[in-house]
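Quick notes on the structure that follows.
Chain letters run A, B, ... following the sequence lines, proteins first, then strands; residues in each count from 1. Everything quoted here is computed from the prediction, not taken from an experiment. Below, all heavy atoms of this structure are taken into account, side chains as well, without hydrogens, waters or symmetry copies.
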Amino acid sequence: MSAESGLSPRVGTASGAEPKLAPRLSIEAKGLRKVYVDPRRGRVEALCGLDLDCRAGEVYGLLGPNGAGKTTTLRVLATLLAPTSGTARVDGIDVAADPLEVRRRIGFLSGTTGLYPRLTPRETLTYFGRLHGIEAGELERRIDGLLDRFGMREYANARCEGLSTGQRQKVSIARAVLHDPPVLILDEPTTGLDVLASSAMIEFIDSRRSAGTCILFSTHVLSEAERLCDRIGVIFQGRLLAVGTLDELQQRTGKPWLADIFLELVRRAGGAADVG
Amino acid sequence: MSARPGVSAFRAILAAELLLLLRDRRALMLAVVLPTLLYPLIFMGQRWLQSTSRRSLEERRVHVACDLSALDASARLVELLEEEHPIDVVAVDASGLEPAPAAITPEERAEVARLAGGPSGVVLLARARAGDPPVALQLYFDGTNDEAAQARRRVDRALDRFQVERRAELVRRRVGSDPAQGLAITAVDVASPEDAAGSRLGRIFPILAVIVLLSGGSYVALSAFAGEREAGTLETLLVQPAPAGSLVAAKFTAVLVAGSLTLLLNAASVLVSLHAGLFALPGGAGSSSAIFVDLGRLLAAGFFFFPAAVLLCALLCLAVGRARTFREGQFTLLPLMLVCLVPAGIASQDVDLDWLLATIPLAGPSLAVRDALRGHLDLPVATWMLVANTAWAGLALGQLARTLDTERLVQNEGSEEESSQRAVQSRYALRWGWVAVFLVYLVGGTLQAWDPIWGVALTLWVLLPPLALFSARGTARRAKDTIARTLHLVRPRVTHAVGAVLLAPALAVLAKTVFDWQRQVLPLPSRVAQGDLLQDIAELPLAMRLFLLAISPAICEELFFRGAVLGGLRRDLGAVRCLAWQALIFGAAHGSIYRFVPTAILGMVLTAVVLRSGSLWPAILLHATYNGLLIVGVDSPWIVWLSGVGLILLALDRKRRRAG
Amino acid sequence: MRNAGSSPAAPAFLAATLRVAWKELATSFRDRQTTFYTLVLPIVLYPFLFWSMIQVSLFLEGRGEITEVAVGIAAPQPSIVPPGLGAGLEQPPGSSREGEDAAAEAARRELNRVHALPERAPLDEAGARAWVARGSASEAAEEPTIRPDAVVYVHEDEAGVRDGLRVLYDSTRTDSKIALSRITRRIPAYATELRASAADAADPGGGSLEPFVREPARNVAPQPAIGAYLLSTVLPVLFVLMTVMGAFFPAVDLTCGERERRTMETTLLLPIPRSAVHLGKILAVCAAALIATGLNLTALALSAEHLLRMLPAASKIEVQLPVRAMLQVAPLLLLFAFFVSSVLTGISSLARTFKEGQALLGPVQILFVLPGLAGSLPGVEITPFLASIPVVNVVLCFRNLLRGDLGLLEYAVAAASLAALSIAAIGMSLWLLSRESLHLSETGSAWTNLRGLLLSSKGSR
């Protein structure tokens, strides 16, 4: 999963580093549509032709109000849902054609991705590791490494149901990166976390980016988005309204703060028929 | 003024609970639709199945091979056999069949199989024998074959009639007439149809009522307590200016209403099925006639059952109230239902309501309901039953009010492990106690059945001490104390030790009085009273008997019950509750309702001695002396006065060894 | 930390399934309550139930013994009353046993007492009935008398000859029923005594009045076969009941419980096919059910043995475990457990919450239990047709194997039917589980969800 050559030049990153040779697309979605039948609400069109592209070593933030389609997008990419039409590829593999292979290459984390309450962190990691096909010796090494890295040693053998929220979050992260995936998909990862825990999360995302992982995450916390994201996508009513770095979005809407950018884009979309 | 907010809160919460219930489609379906359909279907199905299977067996052709050459008037017997049609009676020559004196030999088996022509046939053989009468009739059958069993039944019927005829004939021959002629018995039931129907209904009604009440009320109980806690709405409710007492009372009332309504609907469905003749109640002649029970009796039955209903709902709330989730609450339901079914089932037995039974919760109301339905209610006893059972219900409600205080209701966080830290010592001690009860019953019972003497010895010395040590070790570790001190193995004060020993005579006399009283109300069947267990032991020399029945129990039982178990209980519970639990567990450990009361009393006294003196040794001494006196016998009454001295010694010396 | 090559080899389907099954099973038993229910409860329950039964039966027996009943004697004319009937009724049966000393005999006489009231004759039958029912000998209750618990009414035919004894009793009164049973036992002994004394008076030394001795019937079946037969009447139904009950809770816990614990998504992210996950759950449920059943049956067997020793009537029965039959039936039982697990797990996967899952499975349990009961009725014989009906076939095959006569055809048909139905159940539930609306919508009853499921699009594998 190392960076390979031969793709389009990359636009300037948020941290202002010099442009490198663009890595290939880790996530690629074209014309993604998702329609489903809800027993109560009837036919719901969650995504109406979404295009998405994220590269390795990039942090891509997905912003949008509730019901905009963020969660649906992430879940389609994580193979939890199947697209009605359109294609999505993760690390070059079509999500509809070979979801198993896709799952091997992503690490997914969300507020609702719970831990098995009666397993200990070590057992959880062992379980997932074995199912990913990691060899026993290698698995031990990796688990020990993760336990040290996240400082989980002291509660590694306590049942997950007895852990605090912050501790659980660390275990979830460890689970998500245990198999060293090239792509990380995170759905509102800092929801419900206190200051210490969410800063730990941010630091973690940063570190993965430096290691070359493609990270796609959705959030409500605009300050995080400002700080972390190389590129930001604003999604509304199943469509991407705008994609770009913070600077680009500022120029486009003429607003300095992300919150105002957001509101401006939504306002424009509310009036116009076909935007983005 | 202070009662007002409580009452209005009560009404508001009750109304809300009932409204939630009515809006719950599933609950309504379970309570209304299901029983209305279920009972008629079950009854019809059961009747059809029974009659089908019975009919099919009675219509089968059976095969009887007989060799009656040694019997007089055998032709008459064959005639009677052939009346049990459809039947094949075949004459064979069974002279080759030699009945072995004891167990069946393979040769016999082979010969019978040959004569009977297969496993479904039976062989009837008349043999000449020495002595008077000169003939013996023997039937061979294969017990694992349904048709052979059927054949055997028919042959027995024919033989019965034949025997009666022949007896009469023999007497007539010798005496000229049969003095015992015309003494055949026919039983005639003079009970009125209403009484009979009511009686049959009354036998199953309490069991049905317990099941239905618990199932129907459980749904509401679970939603009202565990469900609200899970949904997080309980906290919101508690913040309202309504006293927690009203809250609990309202929820309890909702459970009672729901359970009672379910019961009424189910009962109505059963009654309608009975009225339509769909069901033949057990104990009846299987008639398909309609059974109609008088409304007045039904109302009376409902009235007498009411305290039991209150008690059951209170128990339900107690069981479910502490659960944090729906699922956790569910677990307690099945054991609760089974435990409640046992006393309720007593109504199906042939026992009358008397003063003792009226005092037992659930058993008393069940019997009263049955008596009300069959029209033979003994009013004074029934009144006492109402009083006693209302007291039990009140006790349960009081416990409910106490346990479901605000703090308990709010505790919805943390895992099971966190909440299990409360009163951990006593809980573990109780668990060990129940484990011992169970093991003594199963393992000890098996050992004693194998060999009475060794069984008792092993149960006492091999079973109890390790349990005591394990339990005490846990307690000691948690309390950071030594095992010896947990077991109260400290040196007692001399006054306490002497005082305890002196209590023994009074206790022994009390025990005898209790046993005598028990003989009136709780008599042991004669067959068991001459138990052969004690026979073996009674033949031992006195010293051995004292060791086995006085010293060993004293040491081992005290080590476990008053040492380990009390050591744990004492750290969390007050004296009264320690006494109550000790009485219950010690009584239960002796495995029989006949010994329960005396041993419970003994347990309480011993517990009091240990609590007072802080040491186990006085209790051991008391127990040994008490048992010894029971073996040897207490005759002189003045010895009882010694106990007075003992009591004074114990009471006055308040100093005691610190047991930690 | 990155691997240069491709992703590590994926675990084989079977290995993945087994791993999931093991994890589900281990976590199920880590739950204190599941352990309690599956392990502790059966071990404690049966001894408790049997102990209660023993105590109640001892209590009733003891009570019955000290109850004294009053029996009245009535006849249309005094002459037809047999002599000494009252004394005969008061005599306990089997008097003066050998080797019994005076004290023991006196003690025995104190029990099961019958007090014969003075005869009332002439009295018609209606009067006798009134005497039992109300305690007065006529319709109008003028003279209060002791109300007898039963009345022996000596009946006469048209010629005025005694032709039978009618025992008038009230089935709604306990003492009356006790009186009836004592009368029924004592009258034949009294009759024999009458005959014996008359014969001795008229013709002393004339021989026995019994035409023949009736030896106890001899059961030619060998002891193991008898034991197996007894087992075959209860064991099949018990097995079915216990398997269904044992599978119930794990099935709900592993499916809806997972939804409630919010680990559904986590499981869906596993890099193994959904079918492996589902199959793993079914295997875990199956294992749990078998463990529970095994423990239940063991505990039941041990307590029953204890019970048999305590009760008088049953003490001569010896039951040995028929090992060969059990080995023969084991494959079928495993298939059945698997079938039950597939169906229950499949159905409960449709439910959203624990509550709903239990509500769904409750009726399903009944659907399993009723055919089992039907199959256990005596007189039902196994046919190839019956062998294809799920629960009935297990009960019948088990029963017949214990009795030692099952045809190979029926066995094969039963096995094939169970296997086929299991596969169908798994396939159906996998198909339903792959439907997405299960994951998307959070509310709705099971029925609307089912409709939604059938209408919704296919999800990922």
Which of [options] touches chain B most, by non-hydrogen pairs under 4.5 Å:
options                        : result
C:P222, C:A191, C:P82          : C:P222
C:E215, C:E193, C:E156         : C:E215
C:L165, C:V167, C:V154, C:D163 : C:L165
C:S52, C:G257, C:A199          : C:A199

Sub-4.5 Å side-chain heavy-atom contact between [X] and [Y]:
X      : Y      : result
B:T186 : C:Y153 : no
C:V213 : B:Q138 : no
B:Y594 : C:L58  : yes
C:R166 : B:V188 : yes
C:F212 : B:L71  : yes
B:Q163 : C:E210 : yes

Contact part of [X] toward chain B, heavy-atom cut-off under 4.5 Å: side chain, backbone, both or neither?
X      : answer
C:D253 : side chain
C:N112 : neither
C:P47  : both
C:L60  : side chain
C:L45  : side chain
C:L194 : both
C:P216 : backbone

So what's closer than 4.5 Å to chain C heavy atoms on [X]: side chain, backbone, both or neither?
X      : answer
B:E108 : side chain
B:L353 : neither
B:V171 : both
B:D160 : both
B:L356 : side chain
B:D72  : neither
B:L124 : neither
B:R173 : neither
B:F438 : side chain
B:V175 : both

### Query
Once you round to the nearest 0.5 Å, how far does CZ of C:R173 lie from CG of B:D350?
13.5 Å
#### Entry: Distance, nearest 0.5 Å, that separates CD of B:Q349 from OG of C:S57
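These two atoms lie 9.0 Å from each other.
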Under 3.5 Å donor-acceptor, [X] side chain and [Y] backbone:
X      : Y      : answer
C:Q55  : B:I593 : yes
B:R374 : C:T172 : yes
C:N219 : B:G143 : yes
B:Y441 : C:F48  : no
B:Q181 : C:R162 : yes
C:Y190 : B:A180 : no
B:R166 : C:P211 : no

### Query
Any ion pair linking C:R129 and B:D189 (charged N to carboxylate O, less than 4.0 Å)?
no
### Query
Between B:D354 and C:R63, does at least one N-O distance fall below 4.0 Å, as a salt bridge requires?
yes
Would you mind telling me which of [options] has the largest number of heavy-atom pairs within less than 4.5 Å of chain C?
options                        : answer
B:L338, B:D156, B:L341, B:V112 : B:D156
B:A191, B:P523, B:S199         : B:P523
B:L442, B:I346, B:L334, B:D371 : B:L334
B:D178, B:L222, B:L522, B:V339 : B:D178
B:L170, B:I185, B:T144         : B:T144

I need the minimum non-hydrogen distance between [X] and [Y], along with the two atoms involved.
X      : Y      : value
C:W51  : B:G591 : NE1-O, 2.9 Å
C:L168 : B:V190 : CB-CG1, 3.8 Å
C:A217 : B:F141 : CB-CE2, 3.7 Å

### Query
Under 3.5 Å, is there a donor-acceptor pair between the C:T174 and B:D352 side chains?
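Result is yes, a qualifying pair exists.
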#### Entry: Distance-only polar pair, side chains of B:D146 and C:Y229, donor-acceptor under 3.5 Å
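A donor-acceptor contact under 3.5 Å links the two side chains.
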### Query
With B:L439, which residues qualify under side-chain contact (heavy atoms from CB on, under 4.5 Å), at least two apart?
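So B:L439 forms a side-chain contact (heavy atoms from CB on, under 4.5 Å) with B:V435, B:V443, B:L463, B:L467.
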